[in-house]
Amino acid sequence: MVVTRFPPSPTGHLHLGGARTALFNYLFARHQGGKFILRFEDTDKERSKEEYVESIISALEWLGLKWDEGPYFQSKRFSLYQEYAQRLYEEGKAYYCECSKELLEARKKELQERGLKTRYDGTCRDKNLSPAPGRALRIKIPEISEIIFDDLLRGKIVFPPDEVDDFIILRSDGSPTYQFAVVVDDITMGITHVIRGDDHISNTPKQLVIYRALGVDPPLFAHIPMVLGPDGNRLSKRHGARSILEYKEEGYLPQAIINYLARLGWGYGDQEYFTMEELIEKFDLQKVNLAPARFDPEKLLAFNGYWIRTIPTEELLPHLKPFLTNYPFQKYSEDYLIKILESIKPRVKTLKEMAEMMDFYFFEELSYEKELLEKYIPPKIKEVLKRLFQDLNIFNFEDEKSLELQFRELAEKEGIKLRDLAQALRIALTGKPISPPLFEVMKCLGRERVKARIERVIKLREEVE
RNA sequence: GCCCCCAUCGUCUAGUGGACUAGGAUACUGGCCUCUCACGCCAGAGACACGGGUUCGAAUCCCGUUGGGGGCGCCA
C-alpha cells in the first residue's frame, strides 16, 4: 500500500508552499487508495512552538486535508532514534566526535576562504571515541563512490563521490538531527513515497547513506518544484509565506486555495477548475511540472470569485457567517440570507467583500455621503421620488419583474431615464452607487423598508440643500 | 566558490518528432448584454531564452551558452 506523509516543522505557520506539498501528498495517497500521515518534525527545541502545531493543524483541517495517521511528534520518539543510532555505532558505521562547535566553525571558515569544500575533515574518525556527554555521533561515510537515485519525476540524479561528508546524526545532547530522524521515521512509518520540495534534492544523498548503513531499501522520491513569490524570489512574508489561515480570514474559500494550489505546477489538459474529488481522481505525479512556479495572487483571487459563485449558496453561507459578526444577521432567516447571497455572489471575489456589500440589508438607518446624494439625486429626481412615494403603496413587490415594469412606466411618465431614477433609488436603498440589481434589492427589502429609506433620503437631501 | 535542479504568452499551464497558423486560464484592451457593478458572451494583443547538432521534419531528442531556483549547519 502507498503511504505518504507531510512533515512540517512547527517553527512557523502553514504557508502556500507547505500547503501545496501537503496537498500533493494527500492527493497521491488518496488517488492510490493509500495512507497519508501527519508528522511534526520538532527536534529543534529552540524554534518549535506549540502554537504553530495548532495553527498548522487547523489550517490543514480547514483545507480539508485529512490525515489517516498521526500527528506524530519526533520529540516523543527520541528513544527510537537512539536505538537506531546505537546500532550504527556498534556496527562501526558511526563514530563519536569531540570537536567543538567553535572549532568546526573556525575550520569551515578557513576552508571557505580558501575556496574549498566545507566538509568535516575526519579528525575524530579513527579515534574510536566512546559515547560521552558533549560528543556528537557522526555517520561514517563508506568508501568513495558516487551516489545515484531515481527521482520519480526527474529520472536519474547523480552526485559526485565527495559530496557527502561524515555528518552528524545525533547531537551532543543526544537529540537526532533532521537527516537522521527523517530516515528513521520514514522507515518505521512504512513510507513508500516521499513527495517533497526540490530544495530537498541535495539532502537526499545524505539520507540514502543512512538507509544504506541501516540496510533498508529507501522509499521512492518525487521532488516537486518549489513555489516562488510573484517576483520570482523565494516566497516571503509579503505574499505567499503568509499563513493559510490569513487567507481564511481575508475571505478565501478552501476550495479556491486547493484548486489554485493544485494548478500550480500541475495540469490536466485544458481544465482549470477542479473539486477535491476530481483532483483525487485525476491527480498524477507524472504530470507535475519541473520548473518552479510563481505564486500569482490575482489568479488566486479570480479562482476564489469563481468558487464563490459556483458552490451552492447553502454551502457558501457557513463560510460567510464569520464575516457577518458585526451585523445583526441572527434576526434574519436562513432563507432570507440565501436569497440575498444569490444576488451578491457574482459580484465579489472574497467573502469579506461579500459581507461589505451586504451591509444595507441589515441596517435600516444608512449613512449617506453628501457627494453621492448631490450627484445621484438632483432636485428634479428628488421631486420624482416624492411623487413616487404614494405609488409605492400600490406597487406589487412580489417579484422583481413586475417591479421593474412599474418603475419603467413611472420613468416614462415622468420623462426621465430609468437609469437616472434607478441610480437615485439605489443610493436611497443601499447607500451606494453600486449594488445588486435594484429590483431584486427592493423585493428582498420589502415595501415598508423601501418606503422608509426613500422617505428618509428625501429628508436628508433637503437638509443638504 | 562547489554541487544539484529547471527553462512555452506578464503569470499558471496544454503540448511527449509531423494534427502548431503553438491551445486554455488569469491579467490587460475593445465590443455585446444592461437599472449600477459584476457575471456571462464575442473579439484583440501577447510565448517555444540563445547557439549548435540529430532528423525528410523539431516547442518536443542531444550538447553548449545564458538565465532562474535550490543546497553546501550539532536548522528543518
Side-chain angles (χ1 to χ4, degrees), chain A residues 7-12 41-44 46-48 74 97 99-101 104-105 108 111-119 135-138 151 153-154 157-160 162-165 167-173 175-179 181-182 197-205 223 225-226 228 230 232-234 260 263-273 287 289-303 305-306 309 343-349 357 376 404 407-408 411 417-427 430 432-439:
Chain A
S9 77
T11 54
E41 310 215 320
D42 55 348
T43 57
D44 185 340
E46 300 296 306
R47 297 197 300 145
S48 296
Q74 292 188 327
C97 168
C99 300
S100 70
K101 284 182 195 173
L104 292 169
E105 196 63 36
K108 189 169 125 189
L111 288 171
Q112 264 170 354
E113 277 163 12
R114 286 163 55 193
L116 297 173
K117 284 207 162 122
T118 57
R119 345 176 50 238
R135 288 177 185 171
L137 186 65
R138 286 183 186 274
D151 188 275
L153 304 183
R154 299 158 206 266
I157 298 181
V158 182
F159 289 86
D162 58 346
E163 267 310 289
V164 181
D165 66 353
F167 60 95
I168 289 172
I169 57 176
L170 234 47
R171 298 187 187 99
S172 48
D173 68 359
S175 65
T177 58
Y178 160 75
Q179 307 286 5
V182 175
D198 65 15
D199 50 333
H200 283 284
I201 290 179
S202 21
N203 284 327
T204 310
H223 290 98
M226 310 226 311
L228 270 28
N233 289 122
R234 213 184 181 134
Y260 177 75
R263 286 284 294 108
L264 206 56
W266 175 81
Y268 186 81
D270 278 344
Q271 186 175 348
E272 292 288 341
Y273 303 113
K287 301 289 284 180
N289 249 288
L290 299 181
R294 296 188 193 202
F295 165 57
D296 180 0
E298 297 213 308
K299 190 157 182 174
L300 172 60
L301 193 62
F303 271 49
Y306 173 83
R309 57 185 186 264
S343 64
I344 295 190
K345 262 167 56 159
R347 297 162 219 279
V348 294
K349 296 255 193 304
M357 194 175 265
Y376 291 105
E404 181 176 345
F407 277 93
R408 273 190 193 286
K417 285 189 193 141
L418 176 64
R419 176 197 175 89
D420 295 330
L421 178 58
Q423 279 307 86
L425 287 165
R426 193 184 311 282
I427 296 293
T430 71
K432 290 180 275 233
I434 294 171
S435 83
L438 188 62
F439 306 110

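Per chain, numbering begins at 1; letters A, B, ... match sequence-line order.
Among the heavy atoms of the strands lying under 4.0 Å from A:Phe159 are primed sugar atoms or P, OP1, OP2 only; no base atom is included. A:Gln179 comes within contact range of at least one nucleobase, with a heavy-atom separation under 4.0 Å. Counting non-hydrogen atoms under 4.0 angstrom, A:Arg47 reaches a base of the nucleic acid. Heavy atoms of A:Val182 sit nowhere under 4.0 angstrom from any nucleic acid atom. Among the protein residues, A:Leu104 comes within range of the nucleic acid bases, having at least one heavy atom under 4.0 Å from a base atom. Residue-level contact check: A:Ile157 touches the backbone only, with heavy atoms under 4.0 Å from sugar-phosphate atoms and none from bases. When heavy atoms are screened at a 4.0 angstrom cut-off, A:Lys108 is found touching the sugar-phosphate backbone but no base atom. Using a 4.0 Å heavy-atom cutoff across all strands shown, A:Thr43 reaches sugar-phosphate atoms only and no base atom.
Shown here for A:Asp151 and A:Ile157, the closest heavy-atom pair between the two residues is CB-CD1, 3.9 Å.
Rounded to whole Å, the P atom of B:G24 lies 10 Å from the corresponding atom of B:A43. Going from the C1' atom of B:G1 to that of B:U55 covers 40 Å, rounded to whole Å. Between B:U21 and B:C5, the distance separating the two P atoms is 34 Å to the nearest Å. The gap from the C1' atom of B:C50 to that of B:U16 amounts to 23 Å, rounded to the nearest Å. B:U54 and B:G64 have their C1' atoms separated by 15 Å, given to the nearest Å. Taking the C1' atom of each, B:G40 and B:C62 are spaced 48 Å apart, rounded to whole Å. The gap from the P atom of B:U26 to that of B:C41 amounts to 9 Å, rounded to the nearest Å. Annotation: B:A47 and B:A14 have their C1' atoms spaced 13 Å apart (nearest Å).
Partner assigned to B:A19 is none, using Watson-Crick or G-U wobble distances below 3.5 angstrom. Base pairing of B:A45 is not made with any nucleotide, judged by Watson-Crick or G-U wobble geometry with both donor-acceptor distances under 3.5 Å. Pair check for B:U36 finds none; no Watson-Crick or G-U wobble contact set falls under 3.5 Å. For B:A59, there is no paired base (Watson-Crick or G-U wobble, both distances below 3.5 Å). Of the nucleotides present, B:U66 is the one that pairs with B:A7 by Watson-Crick or G-U wobble criteria, both distances under 3.5 Å. For B:G1, the paired base is B:C72 (Watson-Crick or G-U wobble, both distances below 3.5 Å).
Of the candidate nucleotides B:A14, B:C74, B:A76, B:A14 has the atom lying nearest to any side-chain atom of A:Asp270.
Remark: side-chain polar atoms of A:Thr177 are paired, donor with acceptor, to backbone N or O of A:Ile168 under 3.5 angstrom.
You'll find the side chain of A:Cys97 reaches within 4.5 Å of the side chain of A:Arg138, heavy atoms only. Taking 4.5 Å as the limit, some side-chain heavy atom of A:Asp198 sits within range of a side-chain heavy atom of A:Arg154. A:Asp199 is listed as a side-chain neighbour of A:Arg234, based on a closest heavy-atom distance under 4.5 Å. A:Cys99 has its side chain within reach of A:Leu104: a pair of non-hydrogen atoms, C-beta onward, lies under 4.5 Å apart. You'll find the side chain of A:Pro433 reaches within 4.5 Å of the side chain of A:Ile427, heavy atoms only. Between A:Asn203 and A:Gln179, some side-chain heavy-atom pair lies under the 4.5 Å cut-off.
When the nearest nucleotides of RNA chain B are assigned to A:Ala422 and A:Lys117 by heavy-atom distance, the more 5′-ward of the two goes with A:Lys117. Mapped onto RNA chain B by nearest heavy atom, A:Gly267 and A:Leu418 fall at different nucleotides, with A:Gly267 at the one closer to the 5' end.
A donor-acceptor contact under 3.5 Å is not formed by the side chain of A:Asp199 with the base of B:G71. Contact of A:Ser172 with B:C74 (side chain to base): a donor-acceptor pair of N or O atoms is detected under 3.5 Å. Evaluation of atom-type donor-acceptor distances gives a pair under 3.5 Å for the side chain of A:Asn203 against the base of B:A76.
Taking the six-membered ring for Trp and thresholds of 30 and 60 degrees, A:Tyr260 and A:Phe295 have ring planes more than 60 degrees apart, a perpendicular arrangement.
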Quick test: give all pairs of protein nitrogen or oxygen and nucleotides 37-43 of chain B nitrogen or oxygen below 3.5 Å, distance rounded to 0.1 Å.
| from | atom 1 | to | atom 2 | distance (Å) |
| --- | --- | --- | --- | --- |
| B:C37 | O2 | A:Arg347 | NH1 | 3.0 |
| B:C37 | N3 | A:Arg347 | NH1 | 2.2 |
| B:C37 | N4 | A:Arg347 | NH1 | 3.4 |
| B:A38 | O2' | A:Pro346 | O | 2.4 |
| B:C39 | O4' | A:Pro346 | O | 3.4 |
| B:C39 | O3' | A:Arg309 | NE | 3.3 |
| B:G40 | OP1 | A:Arg309 | NH2 | 3.2 |

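For the pair A:Leu111 CG and B:C3 P, the interatomic distance rounds to 16 Å; values are reported in whole Å. Atom CZ of A:Phe303 and atom P of B:U13 are 11 Å apart (whole Å). Between the P atom of B:C3 and the CG atom of A:Asp165 lies a distance of 16 Å, rounded to the nearest Å. Distance CD (A:Glu163) to P (B:C72): 11 Å, rounded to an integer number of Å. As rounded to whole Å, 10 Å separates atom P of B:U34 from atom CD of A:Glu404. To the nearest angstrom, C1' of B:G23 lies 15 Å from CD of A:Gln271. Taking atom CZ of residue A:Phe439 and atom C1' of nucleotide B:U36, one finds them 11 Å apart after rounding to whole Å. For the pair A:Ile201 CD1 and B:G71 P, the computed distance is 11 Å after rounding to whole Å.
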- How does each nucleotide of nucleotides 6-12 of chain B score, in 5' to 3' order, for protein heavy atoms under 4.0 Å: base (B), sugar-phosphate only (S), or none (-)? SS--BSB
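Within a 6.0 Å sphere centred on OH of A:Tyr268, heavy atoms belonging to other residues, nucleotides or ligands number 12 at most. The environment of A:Lys417 atom NZ is sparse: at most 12 non-hydrogen atoms of other residues, nucleotides or ligands sit within 6.0 angstrom.
Close to B:G73, at under 4.0 Å from its OP1 or OP2, lies no side-chain N or O of A:Thr177. Look at A:Tyr273 and you won't find any side-chain N or O under 4.0 angstrom from OP1 or OP2 of B:G24. Remark: A:Lys287 is not in phosphate contact with B:U13, judged by side-chain N or O atoms under 4.0 Å from OP1 or OP2. Taking 4.0 angstrom as the limit, A:Thr118 places a side-chain polar atom (N or O) nearer than this to OP1 or OP2 of B:G73.
A:Asp162 and A:Lys117 are joined by a salt bridge, as a carboxylate oxygen and a charged side-chain nitrogen come within less than 4.0 angstrom of each other.
Legend: residues meeting salt bridge (Lys or Arg N to Asp or Glu O under 4.0 Å) with A:Arg263, ordered by chain and number and at least two apart, are A:Glu272.
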